[in-house]
Amino acid sequence: VERCLTSYRALVEAAGADPGDIDARSPTLSFDIAGRIEFDADLKQELLELTAEAVRLERLEELLVKARGALEHRDEARRRALGNGQVDEL
């Protein structure tokens with residue numbers, strides 16, 4: 001739970017958004033968090049199909065880390081575009 005919340009807060013902070021209030025004791029914490037992030041439909045469906053909350057939280061944490069990396073790469077690409085324009089592949 002704590003790793004997922006930490007990854008969620010890091011992603012939201014990197015995006016410059018407000019994380020809002022999240023109840024860490026919620027029995028549907030994974031859905032509470034996933035509902036605040038714009039994942040594509042396939043990823044949300046994947047989370048819905050997982051039957052155990054602990055497994056959903058583990059997978060969600062992986063997705064949040066990946067999303068943060070993509071966000072940081074996008075920001076770096078924008079920063080570099082202002083310079084010489086060269087950006088490495090992800």
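The residues of the chain are indexed from 1 along the displayed sequence.
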Checklist entry - What are the two closest heavy atoms between Glu61 and Ser7, and how far apart are they? => result OE2-OG, 2.9 Å

Checklist outcome for this item: In terms of heavy-atom contacts, Arg36 and Ile22 come closest through NE-CD1, 3.3 Å

Next on the checklist: Could you work out, with salt bridge (Lys or Arg N to Asp or Glu O under 4.0 Å) as the rule, every residue matching Glu72, not counting sequence neighbours?
Outcome noted: Arg68

Next on the checklist: I want to check something: taking the side chain as every heavy atom from C-beta on, are Leu60 and Phe39 in contact at a cut-off of under 4.5 Å?
Outcome noted: yes

Item to check | 4.5 Å side-chain heavy-atom contact, Lys66 and Leu43 | outcome: no

Next on the checklist: As a quick check of understanding, evaluate side chain to side chain contact (heavy atoms under 4.5 Å, CB included) for Ser30 and Leu47, giving each step before the final call.
Outcome noted: CA-CA 8 Å; Ser30 62; Leu47 291 172; over 6 Å; no

Checklist entry - What residues join Val65 in its hydrophobic cluster, counting side-chain heavy atom gaps under 4.5 Å, either direct or through other members? => result none

Checklist entry - Considering residues at least two apart in sequence or located in another chain, which fulfil the side chain to side chain contact (heavy atoms under 4.5 Å, CB included) criterion with Arg9? => result Glu2, Leu5

Item to check | Heavy-atom closest pair, residues Ile33 and Cys4 | outcome: CD1-SG, 4.0 Å

Next on the checklist: Can you list everything that forms a side chain to side chain contact (heavy atoms under 4.5 Å, CB included) with Asp42? Sequence neighbours excluded, please.
Outcome noted: Asp40

Item to check | Asp23 side chain near Leu29 side chain, heavy-atom distance below 4.5 Å | outcome: no

Next on the checklist: Taking Leu48 as the starting point, is it possible to reach Val55 by hopping between hydrophobic residues whose side chains are less than 4.5 Å apart?
Outcome noted: no

Using a 3.5 Å cut-off and no angle test, enumerate the donor-acceptor pairs between side-chain atoms of residues 11-21 and protein atoms at least two apart in sequence or in another chain.
residue: Asp18; atom: OD1; partner: Gly20; partner atom: N; Å: 3.1

Checklist entry - Taking only residues two or more places apart in sequence or in another chain, which ones pass side chain to side chain contact (heavy atoms under 4.5 Å, CB included) with Glu49? => result Gln45

Checklist entry - Quick one: side chain to side chain donor-acceptor pair (under 3.5 Å) partners of Thr6, sequence neighbours excluded? => result none

Next on the checklist: Just verifying a value: how many Å separate Phe31 CZ and Leu57 CG, rounded to the nearest 0.5 Å?
Outcome noted: 9.5 Å

